[in-house]
Amino acid sequence: MDITARSAAELHTMLESKAISATELVREFIDRINKVEGNVKAFVTLTEESALEQAAKQDEKIARGEKIGPLAGIPMAFKDNMCLTGIRTTCSSKMLENFIPPYDATVVERLLDAGAISLGKLNMDEFAMGSSTENSAFFPTHNPWDLSCVTGGSSGGSVASVAADEVAYSLGSDTGGSIRQPAAFCGVVGMKPTYGAVSRYGLIAFASSLDQIGPVTKTVRDNALVLNAIAGHDTKDSTSVPFEKPDYTEFLVNDIKGLKIGIPWEYFGEGIDQGVARVIQEAIETLKGLGAEVTECSMPHTEYAMPTYYLIAPAECSSNLARFDGVRYGHRSQNNEDIISMFRKTRAEGFGSEVKRRIMLGTYALSSGYYDAYYLKAQKVRTLIKQDFDNALEKFDVLLSPTAPTPAFKLGEKLTDPLSMYMSDICTSPLNLAGLPGISVPAGFVNGLPVGLQLMGKAFSEGMLYRVAYTFEQNTDFHKVKPELTAEVVL
Amino acid sequence: MSVNDYEMVCGVEVHAELATKTKIFCSCTTEFGGEQNTHVCPVCSGLPGVLPVLNREVVNLAIKAGLALNCEIADYSKFDRKNYYYPDLPKNYQTSQFDLPICKAGWLEIMVDEEKKRIGITRAHMEEDAGKLVHSGETITSSMESFVDYNRTGVPLLEIVSEPDMRSIPEVIAYLEQLVEILEYTEVSDCKLEQGSVRFDVNVSIRPKGSSEFGIRSEIKNLNSYSSVRRCLEYEIERQAKILDEGERVIQETRTWDEGKGITLSLRSKEEAHDYRYFPEPDLVPLVIDREWVERISQTLPELPVARRARFQSLGLSEYDAKVLTDSKDLADFFDQALIEYKDAKVLANWVMGDFSRILNAQQCAVGDSPITPLQLAELLKLIEKGTISGKIAKSVIEDMYTTGKDAGTIIKEKGLAQISDEGALSGIIDGVLAANPQSVEDYRAGKERALGFLVGQIMKATKGQANPGKVNQLLKGKLS
Amino acid sequence: MKISREEVEYVAMLARLELTAQETEDYTGNLNSILEYAGILEKLDTSEVLPTAHAVPLHNVMREDVVKSSMDAAKVLANAPDVENGFFKVPKIV
Ligand SMILES: [Zn+2]
């Protein structure tokens, strides 16, 4: 197996045993990027030079005989909505094409402190709005399993770079499924932690009450290792929860005997691809075979989650994105008559059509006369959706569903129909509304495209999700299958 | 109709900067001044990705102000975003409070023409200040470009909204003065009007006297002195009266006060009517204020000026004296501390407002920085009372106390200023003076009272003014009879 | 149709977006189909339901009133499109 295909945990053992140096490891990944990036297009910005500098520092540590942490010296990358001092942070938007943050996001600070080596910034749907990464202002990212397919989104670069072995792991952000849905499309492990478990400080906000950062990895163990490094209370984020952070790797036991798994039948309604349904059914059988008690259950408000999500998220985004006005940073239009026309032109030129669509929708939902009918109504339904989860999770340790209703679709297939694109988040967005954790793990294939299994749990039950996901992973081989991505593949 | 046939109806919104060290949502200093854009960080300049964290002291001060203004303090309060675009607002929304303000339903009492009146306070809420715009031309309308300084952005404000309870300009001024005095007294705000740390928005309408319906109001924003408020209201009432007299309707609008021209101008906006799209601030969590918290703040609340004035009057001070003393909290505090040691309030008040204040004023020294402590002043007054020194000597002693910082007792001892009250010592001196002035003794005995005064003067001269005048009189009369 | 072209233009003004005629037309259509879809929420009786603004029930998160140093003015201005004499420069306001 290629070195770049190995898990972070394996790479750590190699670094520790001096089988490879951090610098050599970075060079391996740079070679891999040079080979496949032209087809995958996962990166907005590559920072090979600073990566090599960082690697040299880790090598000095290793040479001095210092003990290194589990993520030290291992190449990774950040979704391009996380601020990194001195490195262009674009949100894949023309608006921030040249924005260079003067500060680090908390997750960036924590990972760099842990010795992580950043290879760069990853492509995404502009401002994280989208489900295919086609809304990037720069270029779409291609699915390593089939380059004519989308990666899913909005964390398309985060999942494609991991699936294509350009990095060992990455960070993504998830507002309505933006880590889990693309993780499913690209056959990797993606976790959206409990709201408040990982600091949002330095994450360029899309919808503040829904956004959460999480790890994208090749294995469940890696995922737990990365969450160990990034989770935990942060005084810079008022919505960060001061909880006692466990060592998530302690939950990685190959045992789910007696665990109660609920299957909310509403997640298997119309719109779910037959192939996907079959894969999930097989996964359920596997889990039963491993001793889990699997029972069907009902979450009656599930069908209301999508419209609720598509009112709340745009409303918050319309306010969060107001700051992009051409005064302090970012794009500014030329030849401005006065301030209002500067604001309007700047924003018209700087934002892409999906971002504008959501700003329009959110502005409308909050505007005088419509607030009660749309925004407030959605907030109330959010309460009902949350109650559905609370009720179900009283009876079950985890809930199980497909991560996405279909496997990856073709590039361009849904671009002209916003609503059908939005439906891609149908299985993932309810969890963001409830603020609960969810993980997507590879569960099989349909026509050669990966399918993800979603596990959902109580607040701060990431450990339980890891336990079930790990057991499933250890008893299946889906995560071992790699896309046949070679340099010869040309579009 | 003339202006006098109309009655004005006025409500006021006061924006007071809270006296914290740091901004409301970040740790930048709130210090006034500073080079442009130097009191700014990622949070208050609204960089992408930043998040606010609430300053505890802002909440403490808001509760304190609420208590001082007889408000109900909310059990549950939250922040909301007020969305509008303006270049001095880095996020293009202002974090403020909408439907659940921290304080509501209060009042304060004003006194106009000997009559007490209660003015209702609808609410008081916390919010962040915006930045400062500097215009290239003389005014915002004549400028081709403007410059933005975000130093002020995020400075905590308390917006205090009154009921439309005021019916005359003196009532408005009395309300504002009273409110500012309370905010200053409670140290909620330093109320530096000249630095813009308190700003007034007035809502004013007029109606024919006797009518009970409200007229259509205009709002004049950002006034920063009492005189501007007065002049602006005078102008606005006249303007509205003229409109009504001509049978026209006043337009409900926001106007701006042109200090130089002494007129209000329509801020005729090209844009849409305001639609602030308030919604709960997702980046901040709610406040749950238990009674224990409120109680803790109420412990720190000083006696308010009105109550203090009443207490001072009950000690026998005139209304005027009580007002002078309480106009400055520091002076009133000084008085109260001295009063613990020296019980004659009237004498003490005379000295505090008289020589003590005169010396501080002459030296441009603040009461808080005075080298003379309340205890030292009390000691000086006790020495007068005991007869150790005369009031006249005391006036020079207090000057020395200011310059040297020494106690009155020390100065008196060092300079030998103590009165001579000892009968033996005085008797000898008196005998000497009598012997040297036989003619005056003669005159007195012949019934010329004036001669006594002359003799006393001679005795005082001989003792350099230190003889106890009472004793001298008593002894002298005894010797002459 | 729940939302008219004029309303879309008004909302674009509120949101400070200059839309082309084509965009205005497209967004009118998009917004209508999304709002129509959102119409299913009307089926739910929420008169007794409290709104959820936050996913986690935190309250009273505050910091102490202690000054920390601000950012270098050069850094504050570094990303600005137009700067003069330490100020952010903007075109005429009214
Ligand atoms: Zn700041």
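In the text below, chain A, chain B and the rest are named by the order of the sequence lines, each starting its count at 1.
Chosen from Thr194(A), Ile359(A), Thr346(A), Val241(A), the residue pairing most often with chain C at heavy-atom distances under 4.5 Å is Val241(A). The greatest number of non-hydrogen atom pairs below 4.5 Å with chain A, out of Leu35(C), Asp72(C), Val76(C), is found for Leu35(C). Annotation: maximal heavy-atom pairing with chain A below 4.5 Å, among Val61(C), Leu44(C), Asp82(C), Val56(C), occurs at Leu44(C). Between chain C and the options Pro102(A), Gly196(A), Ser238(A), heavy-atom pairs under 4.5 Å are most frequent for Ser238(A). When each of Arg357(A), Gln387(A), Met342(A) is scored by its heavy-atom pairs under 4.5 Å with chain C, the top score falls to Arg357(A). Interface summary for chain A: among Val11(C), Leu19(C), Leu77(C), the most heavy-atom pairs under 4.5 angstrom belong to Val11(C). The candidate with the highest count of non-hydrogen atom pairs below 4.5 Å against chain A, out of Arg63(C), Glu23(C), Glu7(C), is Glu7(C). Contact count against chain C (heavy-atom pairs under 4.5 Å) is highest for Arg344(A) among Arg328(A), His331(A), Arg344(A). In terms of heavy-atom pairs under 4.5 Å with chain C, the best-connected choice from Asn336(A), Leu433(A), Leu384(A), Leu436(A) is Leu384(A). The choice from Thr363(A), Thr383(A), Leu311(A) that makes the most heavy-atom pairs within less than 4.5 Å of chain C is Thr383(A).
Of the N and O atoms on the side chains of Thr85(A) and Asp104(A), at least one donor lies less than 3.5 Å from an acceptor on the other residue. Inspection of the Tyr375(A) and Gln379(A) side chains reveals an N or O donor paired with an N or O acceptor under 3.5 Å. Side-chain contact, Asn432(A) with Ser429(A): no donor N or O sits under 3.5 Å from an acceptor N or O. A donor-acceptor pair shorter than 3.5 Å cannot be found between the side chains of Thr302(A) and Asp388(A). Using a 3.5 Å distance cut-off with no hydrogens or angles, the side chains of Asp211(A) and Ser173(A) do not pair a donor with an acceptor. Using modelled atom types and a 3.5 Å distance limit, the side chains of Ser199(A) and Lys236(A) yield no donor-acceptor pair.
Looking at Met62(C), neither its backbone nor its side chain comes within 4.5 Å of chain A, counting heavy atoms on both sides. Heavy-atom distances place both the backbone and the side chain of Lys356(A) under 4.5 Å from chain C. Heavy atoms closer than 4.5 Å to chain C are found in both the backbone and the side chain of Ser353(A). With a 4.5 angstrom heavy-atom cutoff, Tyr422(A) touches chain C only via side-chain atoms. Contact annotation for Ala434(A): only backbone heavy atoms (N, CA, C, O) come within less than 4.5 Å of a heavy atom of chain C. Proximity to chain C is absent for every atom of Thr235(A), based on heavy atoms less than 4.5 angstrom apart. In this structure, chain C has no heavy atom under 4.5 Å from any part of Glu349(A). Neither the backbone nor the side chain of Val83(C) comes within less than 4.5 Å of any heavy atom in chain A. Proximity to chain A (any heavy atom under 4.5 Å) is restricted, for Lys43(C), to the side chain, taken from C-beta onward. Of the two parts of Asp325(A), neither the backbone nor the side chain holds a non-hydrogen atom closer than 4.5 Å to a non-hydrogen atom of chain C. Leu17(C) touches chain A through backbone and side chain together, each having a heavy atom under 4.5 Å away. Contacts of Ser318(A) with chain C are absent, with no heavy-atom separation under 4.5 Å from either backbone or side chain. For Leu419(A), the part sitting under 4.5 Å from any heavy atom of chain C is the side chain, from C-beta outward, and nothing else. Residue contact with chain C, scored on non-hydrogen atoms closer than 4.5 Å, involves the backbone and the side chain of Leu361(A) alike. The parts of Met360(A) that come within reach of chain C are both its backbone and its side chain, each placing non-hydrogen atoms under 4.5 angstrom from that chain.
Around atom CD of Glu36(C), no more than 12 heavy atoms belonging to other residues, nucleotides or ligands sit under 6.0 Å away.
By the 30° and 60° cut-offs, the orientation of the rings of Tyr374(A) relative to Tyr364(A) is tilted. Relative orientation of the Phe324(A) and Phe127(A) rings is tilted, given thresholds of 30° and 60° on the angle between their planes.
Side-chain atoms of Phe206(A) and Cys91(A), non-hydrogen and from C-beta on, never get closer than 4.5 Å to each other. Counting heavy atoms from C-beta outward, Leu96(A) and Thr89(A) have side chains that stay 4.5 Å or more apart. Contact of the Asp417(A) side chain with the Met423(A) side chain is not registered, since no non-hydrogen atoms from C-beta on lie closer than 4.5 Å. Between Arg332(A) and Val90(C), the closest side-chain pair of non-hydrogen atoms falls below 4.5 Å.
Considering Thr24(C), Asp26(C), Thr20(C) in turn, Asp26(C) is the only one that fulfils the side chain to side chain donor-acceptor pair (under 3.5 Å) rule with Gln22(C).
Residues Lys345(A) and Ser333(A) share a closest heavy-atom pair of CB-OG, 3.5 Å.
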